Amino acid sequence: HVQLVESGGDSVQAGGSLTLSCVASGFGERDYCTAWFRQAPGKEREAVASIFTDGDSTYFADSVKGRATISHDDTTLYLQMNRLKPEDTAMYYCALDLAPDLTWCVSGRWTGEDFGSWGQGTQVTVS
């Protein structure tokens with residue numbers, strides 16, 4: 001049973017940086033795709049970034065490209081956001097899918113429904 005627990009959300013000033021963490025467990029030694037999504041009040045959920053098992057294959061949404069870095073180690077997924085903007089304010093969620101397809105994982109052509117496991121979210125507020 002996959003479990004995901006996010007942390008690191010905070011209230012920061014515009015132009016600042018933040019690193020979100022997502023501790024993952026229960027997925028064994030399998031290929032996987034992990035992703036960060038975010039949802040602001042009154043807006044649809046938005047994909048932010050994804051990373052495949054190899055740690056090198058990644059995807060970034062245009063809204064964060066050049067300002068975000070995604071990485072992971074054996075147990076934790078990270079999202080570092082720099083030059084934060086007020087429009088980055090949202091609840092951030094990590095998600096995981098046990099998908100062996102690298103091309104799919106970094107295509108960005110997926111939705112939240114494609115990911116079977118989710119964390120509870122961590123709030124980022126930029127003012």
Side-chain angles (χ1 to χ4, degrees):
H1 177 63
V2 176
Q3 289 188 311
L4 304 172
V5 180
E6 302 98 331
S7 63
D10 204 350
S11 295
V12 298
Q13 291 189 338
S17 299
L18 208 57
T19 298
L20 306 181
S21 301
C22 173
V23 177
S25 61
F27 56 91
E29 295 184 0
R30 300 170 61 177
D31 280 339
Y32 53 86
C33 180
T34 48
W36 287 96
F37 290 81
R38 66 186 182 185
Q39 188 165 21
K43 295 189 177 181
E44 292 188 355
R45 183 170 55 195
E46 174 190 12
V48 177
S50 68
I51 186 168
F52 192 62
T53 321
D54 63 2
D56 294 320
S57 304
T58 59
Y59 159 84
F60 294 96
D62 288 343
S63 57
V64 301
K65 198 170 293 182
R67 301 189 296 120
T69 303
I70 188 170
S71 62
H72 67 75
D73 58 26
D74 288 345
T75 61
T76 306
L77 173 71
Y78 303 97
L79 179 71
Q80 181 175 351
M81 298 276 292
N82 301 313
R83 302 192 301 280
L84 284 161
K85 305 174 181 180
E87 50 263 45
D88 293 319
T89 295
M91 185 71 79
Y92 284 70
Y93 300 90
C94 64
L96 182 145
D97 191 65
L98 295 171
D101 193 325
L102 182 154
T103 302
W104 173 85
C105 181
V106 301
S107 70
R109 292 192 293 270
W110 29 257
T111 68
E113 285 67 33
D114 292 315
F115 288 81
S117 300
W118 288 81
Q120 83 289 348
T122 187
Q123 178 68 38
V124 173
T125 302
V126 185
S127 59

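Keep in mind the model is a prediction, meaning the values are calculated, not measured.
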State which residues pass ring pair (Phe, Tyr, Trp, His ring centres under 6.0 Å) with Tyr78; sequence neighbours excluded, sorted by chain then number.
none
Scanning both residues in full, the closest heavy-atom pair of Val48 with Phe37 reads CG2-C, 4.0 Å
Taking only residues two or more places apart in sequence, or in another chain, which ones meet Cys22 in a side chain to side chain contact (heavy atoms under 4.5 Å, CB included)?
Leu4, Glu6, Trp36, Leu77, Cys94
Are Phe115 and Ile70 connected into the same hydrophobic cluster when the rule is that any two of I, L, V, M, F, W, Y join if their side-chain heavy atoms are below 4.5 Å apart?
no
Kindly determine whether Lys85 and Asp88 satisfy salt bridge (Lys or Arg N to Asp or Glu O under 4.0 Å), including the steps that lead there.
CA-CA 5 Å; Lys85 305 174 181 180; Asp88 293 319; over 6 Å; no
hydrophobic_cluster_shared for Leu79 and Val12, side chain cutoff 4.5 Å:
yes
Do you know the tightest heavy-atom contact between Arg45 and Gln39?
N-NE2, 3.7 Å
Taking the side chain as everything from C-beta on, heavy atoms only, tell me whether Val2 gets closer than 4.5 Å to Tyr32.
no
Ile51 reachable from Trp118 in the ILVMFWY side-chain graph, under 4.5 Å edges:
no
What I'd like to find out is whether the side chain of Gln13 reaches to under 4.5 Å of the side chain of Leu84, using heavy atoms alone.
no
Same cluster or not: are Tyr93 and Phe60 linked, directly or through other Ile, Leu, Val, Met, Phe, Trp or Tyr residues, by side-chain heavy atoms under 4.5 angstrom apart?
no
Would you call Val126 and Met81 a side-chain contact if the rule is heavy atoms closer than 4.5 Å?
no
Check whether any side-chain N or O of His72 sits under 3.5 Å from a backbone N or O of Asp54 as a donor-acceptor pair, and report yes or no.
no
Would you indicate whether Glu44, at its atom CD, is surrounded by more than 12 heavy atoms from other residues, nucleotides or ligands within a distance under 6.0 Å?
no
Connected via hydrophobic side-chain network under 4.5 Å: Val64 and Tyr59:
no
Thr58: partners by side chain to side chain donor-acceptor pair (under 3.5 Å), with sequence neighbours left out
none
